[in-house]
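Pasting a structure here, questions to come.
Nothing here was measured: the structure is a model prediction, and the numbers come from that model. Proteins get letters first, then strands, A, B, ... in listed order; numbering begins at 1 in each.
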Amino acid sequence: MYPPKFDYYRASSVDEALSLLQQHGANAKVLAGGHSLIPMMKMRLAQPGVLIDIGRIDELKGIRVEGDTLSIGPLTTHAAIAASEDVQRLATALSDAASVVGDLQVRNRGTIGGNLAHADPASDLPAAVLALGGEIEARGPAGSRTIAADDFFQGLFTTALDENEIITAIRVPTGQGTRVSAYVKFPHPASGYAVVGVAAVLDIAGNKVTTARVAANGAFECAKRLAGVEQALSGADATAEAAASAAEHATDGFSADDFMSDIFASADYRAHLLKVYTRRALQKALERA
Amino acid sequence: MAEKLFGSAIRRREDPALITGRAKYTDDLKLPNMAYAAILRSPHAHARITRIDTSKAKALDGVVAVFTAEDVEQSGVPGQIPVGWLLPNMKMPPRSLLAKDRVRYVGEAVAVVVAEDRYTAHDALELIEVDYEPLPAVADPAKAAQEGAPLVHENEPDNIAFDWEIGDKEATDQAFAQAAHTVSLELVNNRLIPNAVEPRAALADYDPINGKLTLWMTTQNPHIHRLLMSLASLGLPEHKIRVIAPEVGGGFGSKIHHYPDEAIVSWCAIQLGRPVKWQATRSETYMTDAHGRDHVTHAELAVDENGKIIGLRVHTYANMGAYYSTFAPAVPTYLYGTLLSGQYEIPNIHCRVQGIFTHTTPVDAYRGAGRPEATFVVERLVDAMARKLGMDPAEFRRRNFIPPDKFPYDTPVALQYDSGNYEGALNKALEAAGYEQLRKEQEEARKQGRYIGIGLSSYIEACGIAPSAVVGALGAQAGLWESAIVRVHPTGKVTVYSGSSAHGQGHKTTFAQLVSDMLGVPYDDIEIIQGDTDEVQYGWGTYGSRSAAVGGSAIAVSAQKVIEKGRKIAAHLLEAAEDDVAFEAGKYYVKGAPDKSLTIQEVALQAYLAHNLPPGIEPALEAVSFYDPANFTFPFGTHIAVVEVDPDSGEVKLLRYVAVDDCGKVINPMIVEGQIHGGIAQGVGQALYEGAVYDENGNLVTGTLLDYAVPKARFLPSFELDRTVTPCPHNPLGVKGVGEAGTIAASAAVVNAVVDALAPFGVEHIDMPVTPEKVWRAIQGAGK
Ligand SMILES: Cc1cc2nc3c(=O)[nH]c(=O)nc-3n(C[C@H](O)[C@H](O)[C@H](O)COP(=O)(O)OP(=O)(O)OC[C@H]3O[C@@H](n4cnc5c(N)ncnc54)[C@H](O)[C@@H]3O)c2cc1C
């Protein structure tokens, strides 16, 4: 639990952080809440020579409603997201997810930017951002670009982010008409991370589901959409029964090899849990309609 | 005895320092010129060491020294880690401080770095080059017992450390042959990793001028550590070693044992002539603290046509790990086989236990030590039999309990239970739980597709094991008495020196309660000293729920001696016959003339001034005792767990937990309840969450708290506690001990509840930890 030596810089602006990143290259890591990076360093699984602390850059904090978009600074903590009335109202799946991350201490320190950038397969926020159709704004030496959440999560601890880029905002469309959403998880009894977590976002008109976006983390090497469920639900009745039968399609299109497996939960069992938790997420979202 | 504080839930005097962060643990201590040690550990379960090169590590700036087994050998110290309990014909492989040419478990110490700071010490570990030639390993005791399994100790013919039995085999076999019904279960008692809040630590300081070593360490028994350090590890004379237990943050057994690490740190301090500190990381404790349990058992129960138990037959493979830890051989034998009668009248019992070496961390006493394993066997079998007979599990227990009029009761497995009222505790628990109503609710819930289960566990515990002559005959290389000095100072204030060594239990509170009542001295005038071999005369320490029953009794005996000496002095000063002087509430007075009196404080002053003492009485007012109990004590009780199983996901929710315990007289109910709460949490942990997992190659897969699940507060309901009081008949306090009761009872109660919940699916058993996946598979596999 004693990390090797590293140099520490505290950046006071995004520009400064970017130029430090540029200067130190692959040897450097950005530090946000430190709740994924520091444990890895203490176990000597990560050994960056340089830490660039972005934790005090105010422009990267906060939650704003901009028209039909919710814009969240990457340094916003899980606790702040969970407590935000705007998020609760406009992107409920995300506040649900943020409220069940780890424990209180973790939620008070961990940030959404760090959570998405780290891309732990068992993290809670990726599925929510993915199901909500969010996008990630990143800035690098060549300027800003926007990456759809659908393209962002690429594999185990792997994202579309370049080494010299920093996440500068997470944007989530709030939808038109009646949008309800929810996130439910099966927490690992030791780590608290998601064995399986499912986010469901449903647009409802009349008694019908017009569009459904459903995503899961925990089950796969990274957060993924559940296309079978989405198809089964689009145009379906907005009822618990329809949700239950759609949930049976949670594993459609995936093979046994796609599921994570460990001593706590085998691939088989995770596939089963995915259906159970998909049903629960859909039903919880529907209860909010 | 005037009972004023005895029985009152006063707040613990330990807590203000603990909760304000002022308490000093080993790692809080700093000495001038102190260096830091870090220990290189084997990444292999089994390998030959072909080369160790420490030159790069030694060359690192800030490194003071790097040592290997060869250096320890050359220093000429004995360098051994001994075993403190011997069984007939057991194998005796040696264990040294550092591994030399072979490692036998992941985590075995291979080299030690001493550096100016901790970070450098850990950096240097990565610079030590060790060439390992990996060898086949075996972690599972049942597999390691088979012929052809990789040998843990290459000079032995097999991995069977010992083959022990108790009870009458022939008679038991006969009982089974005549049985009306039998049940059998294959039971795995899962391996547990202790999780004391404070990981192990040591700070060693050697004074080369007078040749004395002072060692602050996380210990439950400083005198045992001093003895073993002296005899086996360091070779320093005992009077030149001072072991101090500063504040110790829990142990659960893991800080009883004598490990290589603290000895290595001491040896380094002696070599270097400067203080050396070592603080284990949590991951290090996971690899090196002696683990608990790890049994593979085949168990059978036989009843006659009236549903009366007539026989119990048990065969157990008990995992010892790679080496014997200090008291390891005792745990699956004399603390397990002897407890298999439970609360029941069982005429015939036979138990065979094979201790097995494997390429894993050594296994030793962990909260409950053998008794949770025994309770699990008995209580699972009892439930299985009740189900087979179609009988309510409470009724089946009742029918087979040892009735209150049969005490003292001799079991067929060597113990004599001195007292008990098992049905009383069962009935109280059933009532508290609302058992009949619960059964109705269970019935209703099942109709709605909800699976509620009710599990009973009626346990017996043997604690405060003694007398010393008996445990010696069983193989203990230790006495199990306890000592106390009660010293009344000239001003009437009192210091008590106790051989018990608390590490969270609150002895400073309970012991002061006792002494205050007995001597009639204000509670705040009493100080309790423990945990320092230079201050305390001798002591065997705190474990096995022995501190109140044995340590507390020693204090009571000393206090009584003080009272008697005071009586002689008071009688002399009051010019009365000794027999005419009464002592009550801190006052000596002449019977029938209560104004002719002296307070104990006044007597104390006179005792020290010694101007006018009766002939033959020495000055001062203090007494020492070395109290050796007449027998074990036998706490008991019934616990009831209520669970709900989610048949979709397999998740188990503990809805209620009712515990009725009988630990004899209760000194401080709050502390007793605290012990029961923690104990239950640990037992529930074993039942539902915890389990050390080794892979095929002997790697510890559950190496951190990310994978090893300890129960969190939010997993647990508010416990519903009650008690019955059957005083211990043979000690002066009537107390029995309560440190392990919760852990002993809880795992069986919870598993019985889960199996009960799943009865409609035909599920008959699920191994611990009962994880959601196992439940789900059991439901899939059983088919409605
Ligand atoms: C005990 C514990 C339990 C936890 N349980 C959960 C849980 O149940 N669910 C869950 O989802 N998470 C859990 N976490 C993880 C927690 O949510 C982390 O805080 C989060 O994953 C990372 O955020 P951070 O701000 O701490 O990032 P850091 O640890 O500071 O950084 C993580 C990674 O992201 C990079 N990074 C950070 N910010 C940016 C940025 N703006 N742009 C580019 N790269 C960036 C860093 O360089 C680093 O590689 C747990 C953590 C702990 C310690």
- Query: Backbone N or O of B/K774 within a donor-acceptor pair of the A/Y269 side chain at under 3.5 Å?
  - Reply: no

- Message: Distance check, rounded to the nearest 0.5 Å: A/H272 atom NE2 versus B/Q780 atom CD?
- Response: 6.5 Å

- Closest non-hydrogen contact found for A/P189 with B/K712 is O-NZ, 2.6 Å

- Message: Counting heavy-atom pairs closer than 4.5 Å to chain B, which one of A/R44, A/K5, A/R279 comes out on top?
- Response: A/R44

- Message: Please find the pair of heavy atoms, one from A/H188 and one from B/D707, that lie closest to each other, and give the distance.
- Response: CE1-O, 4.1 Å

- Note on the structure: A/F264 and B/E773 have their tightest heavy-atom pair at O-OE1, 3.6 Å

- Most contacts with chain A, counted as non-hydrogen pairs under 4.5 angstrom, among B/E284, B/R714, B/R118: B/R118

- Message: Need one label for B/E126: side chain, backbone, both or neither, based on atoms under 4.5 Å from any heavy atom in chain A.
- Response: side chain

- Item | Engaged part of A/P39 at the chain B interface, taking heavy atoms whose separation is under 4.5 Å | neither

- A/K224 atom NZ, neighbour heavy-atom count above 12 within 6.0 Å: yes

- Please state whether the side chain, the backbone, both or neither of B/D695 comes within less than 4.5 Å of a heavy atom of chain A. neither

- Item | Taking every non-hydrogen atom, the tightest pair across B/L705 and A/A190 | O-CB, 3.4 Å

- Query: Is the B/Y119 ring parallel, tilted or perpendicular to the A/Y2 ring (thresholds 30°, 60°)?
  - Reply: perpendicular

- Message: With side chain to side chain contact (heavy atoms under 4.5 Å, CB included) as the criterion, how do B/S283 and A/K42 come out once you've worked through the C-alpha distance, each side chain's angles and the decisive distance to 0.1 Å?
- Response: CA-CA 11 Å; B/S283 314; A/K42 284 181 159 187; over 6 Å; no

- Looking at A/K275 and B/D648, does any basic side-chain N land under 4.0 Å from a carboxylate oxygen? no

- Query: What part of B/P772 lies closer than 4.5 angstrom to a heavy atom of chain A: side chain, backbone, both or neither?
  - Reply: both

- Item | Region of B/T771 that comes under 4.5 Å of a non-hydrogen atom in chain A | side chain

- Identify the two heavy atoms, one from A/S191 and one from B/L706, that lie closest to each other, and give their separation to 0.1 Å. CB-CD2, 3.4 Å

- Within 6.0 Å of CZ in A/R109, more than 12 heavy atoms from elsewhere: no

- Begin from the C-alpha positions of A/D268 and B/R777 and carry the test side chain to side chain contact (heavy atoms under 4.5 Å, CB included) through to its verdict. CA-CA 10 Å; A/D268 273 7; B/R777 287 198 184 281; 3.5 Å; yes

